[in-house]
Amino acid sequence: MTIIYKYNSRKQVATPTELAVTPGSRFMIVRGKVEVPGDKSLTHRLLLLAGLAPGTSALRGALTSFDARSTAGLLRTLGVEVSPLRQGGEVTVRGRARFKSPGKSLDCGNSGTTARLSLGLLAAHPFRSLLTGDPSLRRRPMRRVTEPLSLMGARFDGDRPDRLPLAVHGGALGPLEWSLPVSSAQIKGCLLMAGMAAGQPVSLFEPGGRSRDHTERLLRAFGYRVDEDANGWIRFEPTGRLLPFDLEVPGDPSSAAFLVGAALLAEGGELRVTGVGLNPTRTGFLRVLGRMGADITVEETGARAGEPVGDLVVRPGLLQATTVTAAEIPGLIDEIPLLAVLASRAGGITRFHEVGELRVKESDRLGLIAENLRAVGARAVVEGEALVVEGGEPPPAGRVVTAGDHRLAMAFAVLGTMKGARVRVDDMACAAVSFPGFSETMARIRGR
Ligand code: S3P
């Protein structure tokens, strides 16, 4: 069955004119049908769960990016056999009931999800694990997970350490009831993983709206009880058991968002992005773009790994400013760089409320979105915890500093595809953290 949602049917397609993709380049229309790589959040979770499911699991369409490789590498150090991650290939994982004590430190690379989710699992294992990461990850806060894990009974070298490298001494854990300091699927995923690995109940409250619910859905599929009570608490009961599985991973909606953005900024044509994960806790950006007047049709075609999937059909058009509320932020946290560059082309002033969490992403993403928008001639400011972007007409031109942040690189590369743009991004290689083949895919959607 195909379910079609029409987010907006207004057609305001600009008359095709000359478009500069990079300095001096060509007329741009979008065309064709593309897939995006597998969902990053699901790939991490499925690899980790497969690692503790005794037997052989298979993942089709898994992400093969740098971040996914960090999780696969960590599992190998813990004695789990994981086949090489190859684009288009199947990944097999030979899981074990308990991880083996690692003989060396566990390198999480650039991946906060790898570090935080695996800490939850390692806290329930009776050995010392030393986790580290690249300079970006070593700057990111960890007390948000080491504090509740300490309450469950895990010990750390140092008191509730806040930065990597850090060492956890795991073992028998107790139950937990915990109100998260910020809505975060990484904190929630860490603590649910700890409850699962320790066989203990865990109750969690997310203060600012529901973050992505992949962990809850997957644990339910293995027979664990995960319910939300009348007061909004997530109640986990260790009623299930991990078994090997064979699943196909949906395309990553966060990666699809960049292609959607490029199609919206184009001068004409139509783009279809296929097989995209449509979990409602991930598709807040589509609702915001609908309000901005974007012409996007969502065709839900089925399900993969227990999540709805479908196609996004996008046509270019003029955009208007909107207000993004605090409650919407957890459902589009990774799409704010892209939405901000689109807001810089929309009529009016767009406000993103309560986006302070962006300061502790792969970079100070909040500061860098605003600085880079100004660097290319747009108007953007950080006001307290809000980001304010004013749309303007002059084509963007200038140099973008990514600080190695993949989502900044891709968002500004999208801006650089628009008519008359002269945008230089200092590092496009970092796109491979989440979207291998990003530049090639962008080239493929370009028509004449
Ligand atoms: C992720 C959660 C988000 C997101 C990150 C992936 C996950 O972080 O920014 O890219 O897979 O759990 P927070 O939930 O901590 O905001």
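Whatever order the structure lists them in is the order used to number ligands and atoms, beginning at 1.
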- Message: Within the 4.5 Å heavy-atom criterion, are E354 and E328 side-chain neighbours or not?
- Response: no
- Query: Where do S136 and R140 land on the side-chain hydrogen bond (donor to acceptor under 3.5 Å, both in side chains) test, with the steps shown first?
  - Reply: CA-CA 7 Å; S136 152; R140 297 180 67 185; 5.4 Å; no
- Query: Under the 3.5 angstrom rule, does the side chain of R365 hit a backbone N or O of L408 as a donor-acceptor pair?
  - Reply: no
- Task: Check each heavy atom of S41 against ligand 1 and say whether those closer than 4.0 Å belong to the side chain, the backbone, both or neither.
- Result: both
- Message: Tell me if a side-chain donor or acceptor on S83 pairs with a main-chain N or O of T92 at a distance below 3.5 Å.
- Response: yes
- Close N or O approach (A185, ligand 1; < 3.5 Å): yes
- Note on the structure: So the atoms of ligand 1 within less than 4.0 Å of a heavy atom of T113 turn out to be 1 (C), 6 (C), 7 (C), 11 (O)
- Kindly identify the option in R45, H44, H214 whose heavy atom sits closest to atom 7 (C) of ligand 1. R45
- Item | Per-atom contacts, ligand 1 versus K40 - under 4.0 Å to a heavy atom | 10 (O)
- Message: If you take the nearest heavy atom of each of Q186, E362, R144, which one is closest to atom 1 (C) of ligand 1?
- Response: Q186
- Message: Test of understanding: given a 4.0 Å heavy-atom threshold, classify the contact between E357 and ligand 1 as side chain, backbone, both, or neither.
- Response: neither
- Item | Check: R116 N/O within less than 3.5 Å of ligand 1 N/O | no
- Query: Nearest to atom 10 (O) of ligand 1, what protein heavy atom do you find, and at what distance?
  - Reply: D334 OD2, 2.8 Å
- Task: Apply salt bridge (Lys or Arg N to Asp or Glu O under 4.0 Å) to R212 and D334, showing your working.
- Result: CA-CA 11 Å; R212 61 194 71 188; D334 290 340; 3.0 Å; yes
- Side chains of D67 and T71: does their closest heavy-atom pair fall under 4.5 Å? no
- Near K361, which atoms of ligand 1 are under 4.0 Å from a heavy atom of that residue? 3 (C), 4 (C), 8 (O), 9 (O), 13 (P), 15 (O), 16 (O)
- Looking only at protein heavy atoms, which one is nearest to atom 15 (O) of ligand 1, and how far off is it? S184 OG, 2.6 Å
- Message: Taking the ring centre of each residue, are F127 and F99 less than 6.0 Å apart?
- Response: no
- Is there a donor-acceptor contact under 3.5 Å from the side chain of D162 to the main chain of R143? yes
- Query: Is K188 touching ligand 1 with its side chain, its backbone, both, or neither, if touching means heavy atoms under 4.0 Å apart?
  - Reply: neither
